[in-house]
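Here's the structure we're looking at; comments come further down.
So you know, we letter chains A, B, ... as the sequences are listed, proteins then strands, and number each from 1. Any value given below was found using the heavy atoms of this structure, including those in side chains, with hydrogens, waters and symmetry copies removed.
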Amino acid sequence: MNINATLFIQCIVFALLGLFTMKFVWPPIEKALDERAKKIADGLAAADKAKTDLALAEKRAVEELRKARESAGDVRASAERNASQLVEDARAEATHIIAQARQAAEAEAGLAAQHAKDELRDQIAMLAIAGAEKILRREINPQVHAELLANLKQELQ
Amino acid sequence: MISEHTAHGQSPGDYIVHHLTHLTRHTLADSSAKPQGGIIDWSVVNYDTLFFSASLGLLTVFLLWLGARKATSGAPGRFQGCVEVLVEMVANQAKGIVHSPESRRFVAPLALTVFLWIFFMNAMDLLPVDGLPWLWQTAMNNPHIQLRVVPTADLSATFGMSVGVLLLCIFYNIKIKGMAGWVHELFTTPFGSHPLLWPVNLIMQIIEFGAKTISHGMRLFGNMYAGELLFMLIALLGGAWTGYNAGSIMLGIAQVVAGLAWAIFHILIITLQAFIFMMLALVYIGQAHEGH
């Protein structure tokens, strides 16, 4: 027996086994472990991203809600303002129209009164002349006595 | 120095026998101590089995502790990933076999430890078969001193573990079914509850427990013993070295080829045997949780 030789060859075999393991056994295990680690890392990253995304979305939703509420308030305020403006305008226009109508009516009424007065005056003048004619029993020439009649008219006014 | 040790002209038979002899008190120095008397001799302790199994057991729990200590909930590194894969694998197997979550809290970690421990003990087979013995002989300055480095190629070690599993089975039988329930099962299954069948049932149950335990320990021992023996036989090729001649060199090449082939195949065997031992331990303990 030569343990010297067999032990030496055993060591060669052991070294070869180590090489074999290094080349064919270790890499697949290593690869599987790396893949598993990567999968876990990816999963964790995705979860983190989803979490931040969710937080962002929530913040955005709150922001949008606030904006919507704000703009709704704006719309209502402006609508109210518009409505009150409309009412105001309408009221102003109505006042204006009423005033105008009153003015027109007054003017018309004044005119009519004037007209009636003038007519009345003319008739009174004619009446007075007719009366005077009768009293004086003489004819008065209106052309000749126009100045007289005008003076009378003036007095009657 | 080696040649001085090896110059005593061992025959191949002596070589094999020497390699298959355990380091005991008798072989260590004290020749007044009795050698192993028979198959069972409680007065003998195999120091080498004790040393290697204990140190590899410590290595196992140390590695697992290291994995647990560095565990993060983030992406694992390679080492943590490896431990995680093992833990996951064993936890899944245990979940499928032992249907009691309370028992699993103990049984699953036990199975993981057993698997890794047996794997490491089996892996001692891959080291050069004369390597550690030669170091030991050199250190002790005694070319005759024995050392067997594969604890699972020692029947005492494998039976120690399979008997441990048997005790766990008995413990869980009593815990789950109660003492009365278990005794009832011992007498009434598998054949029936007729009083005439009680002795038959009991004998059958004893045979079943015995067969489970013996086959459990024997299977691992047989595989590892045969593997170790084959490594020794392959080592004999180079051991026949007589100098730089064609025959010796051919034998040397044959040893390299055969040794490498067997070692590569053995990677599968050591893993498989460790896995089988773990699975059977789980199955037997799982059976203890269920009625027949």
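- Of the residues considered (Ile267(B), Val256(B), Ile264(B)), Ile264(B) shows the highest number of contacts with chain A, using heavy-atom pairs under 4.5 Å.
- Between the side chains of Asn46(B) and Thr24(B), no donor-acceptor pair is found at a separation under 3.5 Å.
- Looking at Leu44(A), only its side chain comes within 4.5 Å of chain B, counting heavy atoms on both sides.
- The most heavy-atom pairs under 4.5 Å with chain B, out of Asp42(A), Val25(A), Ile40(A), come from Ile40(A).
- Taking a cutoff of 4.0 Å between a charged side-chain nitrogen and a carboxylate oxygen, Glu70(A) and Lys67(A) do not qualify as a salt bridge.
- By the 4.0 Å N-to-carboxylate-O rule, Arg102(A) lies too far from Glu106(A) to be salt-bridged with it.
- Salt bridge status for Asp154(B) with Arg148(B): absent, with no side-chain N to carboxylate O gap under 4.0 Å.
- Only the side chain of Ile12(A) has a heavy atom closer than 4.5 Å to any heavy atom of chain B.
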Legend entry - Working for side-chain contact (heavy atoms from CB on, under 4.5 Å), residues Gln146(B) and His19(B): CA-CA 7 Å; Gln146(B) 286 89 350; His19(B) 265 289; over 6 Å; no
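- When heavy atoms are compared at a cutoff of 4.5 Å, Leu127(B) approaches chain A by way of both its backbone and its side chain.
- If you measure heavy-atom distances from Gln80(B) to chain A, you find no contacts under 4.5 Å at all.
- The choice from Thr242(B), Ile253(B), Leu260(B) that makes the most heavy-atom pairs within less than 4.5 Å of chain A is Leu260(B).
- With hydrogens and angles disregarded, a donor-acceptor distance shorter than 3.5 Å links the side chain of Gln10(A) to the backbone of Val129(B).
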